[in-house]
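The shown structure was predicted, so the numbers you read here are calculated from the model rather than taken from an experiment. Hydrogens, waters and symmetry mates are skipped; everything else that's a heavy atom, side chains included, is used. We count residues from 1, following the sequence as given.
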Amino acid sequence: MKRIIDLNCDMGEGFGHWSYGDAPDEALMAIISSANVATGFHAGDPALMNRVVALAKEHGVNIGAHPGYRDLQGFGRRYIKCSDEELVNDIVYQIGALREFCRRHGVRLQHVKPHGALYMEAAKNESLSNHLIEVLRACAPDLMLFCMDISITYKVARASGQPVIREFYADREYDNSGSIVFARKVAQFDPEQIARKCLRACREGRVETVEGGDIPIAFESICFHSDTPGALEIGRAVRAALTENGISIASAATVLENAA
């Protein structure tokens, strides 16, 4: 039974006058403890990054970089074939951009969480994960890395000493391997059903799969996506279900300290 959990959501996923999803960042900030801020390649721009960092500071929400493939048209959910070096350089570039906005507002960058197809590629690609962790150890050794429990990324980070947070996905399905089922388009979910799923995961450490299985799941943070239809209602339902059952929402750092 978990007594404390981080709750994270993707933020700033727009560009110029365009925005993706129907949940305002201002409303979501009141629900979460960690914000994954789009850093310009799949969504986001300098003005939006600055605005979201300021919002996070105002609400006491911890900030993470959310770098993706260079894919504005496909929202970072299309696989792009390129070298590990090119991908990691793109990640470092995006982290650096957001870190400067954090410095501008006098707050610390807490974590990095790859977005979409890049997240899924790193999860299964040992070469990419090794290169990413090697570079993080050199330029950001205290930066937490958000990933799945069953991912290669998690194993490499743990072995190297990079701080790492495992995620449970509220608004994604799981398969029997323990991986999320990657989706480019997400259907409408019942917020109360999602809340029950998250509460069970916290209480029992288990989740049902699309194949009809029931598997163990380990995590320190729960994620939901701002572009999922009904995201605001999902976030509110999940937070209410947890707090009403004695589970506190806290920063990822606090969760790790309590797990130690």
Just wondering, more than 12 heavy atoms not from [X] lying within 6.0 Å of its [atom1]?
| X | atom1 | value |
| --- | --- | --- |
| R206 | CZ | yes |
| E211 | CD | yes |
| E204 | CD | yes |

Run the side-chain contact (heavy atoms from CB on, under 4.5 Å) test on Q162 and L143 for me, step by step, so that the C-alpha distance in whole Å, both residues' side-chain angles and the decisive distance to 0.1 Å come before the verdict.
CA-CA 7 Å; Q162 189 74 21; L143 201 63; 4.2 Å; yes

Decide side-chain hydrogen bond (donor to acceptor under 3.5 Å, both in side chains) for N50 and H105; before the verdict, give the C-alpha distance in whole Å, the side-chain angles of both, and the deciding distance to 0.1 Å.
CA-CA 9 Å; N50 180 66; H105 290 279; 2.7 Å; yes

[X] side chain to [Y] main-chain N or O, any donor-acceptor pair under 3.5 Å?
| X | Y | value |
| --- | --- | --- |
| S33 | A250 | yes |
| S151 | C147 | no |
| Q94 | G68 | yes |

How long is the span from the [atom1] atom in [X] to the [atom2] atom in [Y], to the nearest 0.5 Å?
| X | Y | atom1 | atom2 | value |
| --- | --- | --- | --- | --- |
| L28 | H225 | CG | NE2 | 12.5 Å |
| Q73 | D71 | CD | CG | 7.5 Å |
| R137 | E134 | CZ | CD | 11.5 Å |
| N258 | I4 | CG | CD1 | 4.5 Å |
| R196 | R203 | CZ | CZ | 12.0 Å |
| E220 | D149 | CD | CG | 8.0 Å |

Taking all non-hydrogen atoms of both residues into account, name the closest pair between [X] and [Y] and its distance.
| X | Y | answer |
| --- | --- | --- |
| I194 | A170 | CD1-O, 3.2 Å |
| F146 | A252 | CZ-CB, 4.0 Å |
| E121 | Y79 | OE1-CE1, 3.6 Å |
| S34 | D6 | OG-OD1, 2.8 Å |
| S177 | I150 | O-CG2, 3.7 Å |
| A65 | L98 | CA-CD2, 3.5 Å |

[Y] side chain reached by [X] side chain, heavy atoms, under 4.5 Å:
| X | Y | result |
| --- | --- | --- |
| L199 | I247 | yes |
| Y119 | E167 | yes |
| R200 | E208 | yes |
| F15 | L48 | no |
| F189 | T228 | yes |
| I32 | H59 | no |
| F101 | V107 | no |
| K113 | L145 | no |

Joint hydrophobic cluster, M1 plus F219, side-chain heavy atoms closer than 4.5 Å:
yes

Do I63 and F41 share a hydrophobic cluster (ILVMFWY, side-chain heavy atoms under 4.5 Å, transitive)?
no

Say whether S129 and T153, considering side chains only, have a donor N or O and an acceptor N or O under 3.5 Å apart.
yes

Between the side chains of N8 and H111, is a donor N or O closer than 3.5 angstrom to an acceptor N or O?
no

Short N-O contact, R103 and E100, less than 4.0 angstrom
yes

D227 and R77 ion-paired at < 4.0 Å
yes

C202 and L242: CA distance, side-chain angles, deciding distance, side-chain contact (heavy atoms from CB on, under 4.5 Å) verdict
CA-CA 8 Å; C202 288; L242 298 179; 3.9 Å; yes

With ring centroids as reference points, do H115 and F75 lie under 6.0 angstrom apart?
yes

How far apart are the C-alpha atoms of S179 and M120, what are their side-chain angles, what is the distance that settles it, and do they pass the side-chain contact (heavy atoms from CB on, under 4.5 Å) test?
CA-CA 9 Å; S179 174; M120 298 303 291; 3.8 Å; yes

Walk me through whether L7 and F224 qualify under side-chain contact (heavy atoms from CB on, under 4.5 Å).
CA-CA 8 Å; L7 184 59; F224 68 101; 4.1 Å; yes

Identify which one of T209, V181, V207 satisfies the side chain to side chain contact (heavy atoms under 4.5 Å, CB included) criterion when paired with E173.
V181

K2 NZ/CZ over F168 ring centroid, <6.0 Å and within 45° of normal:
no

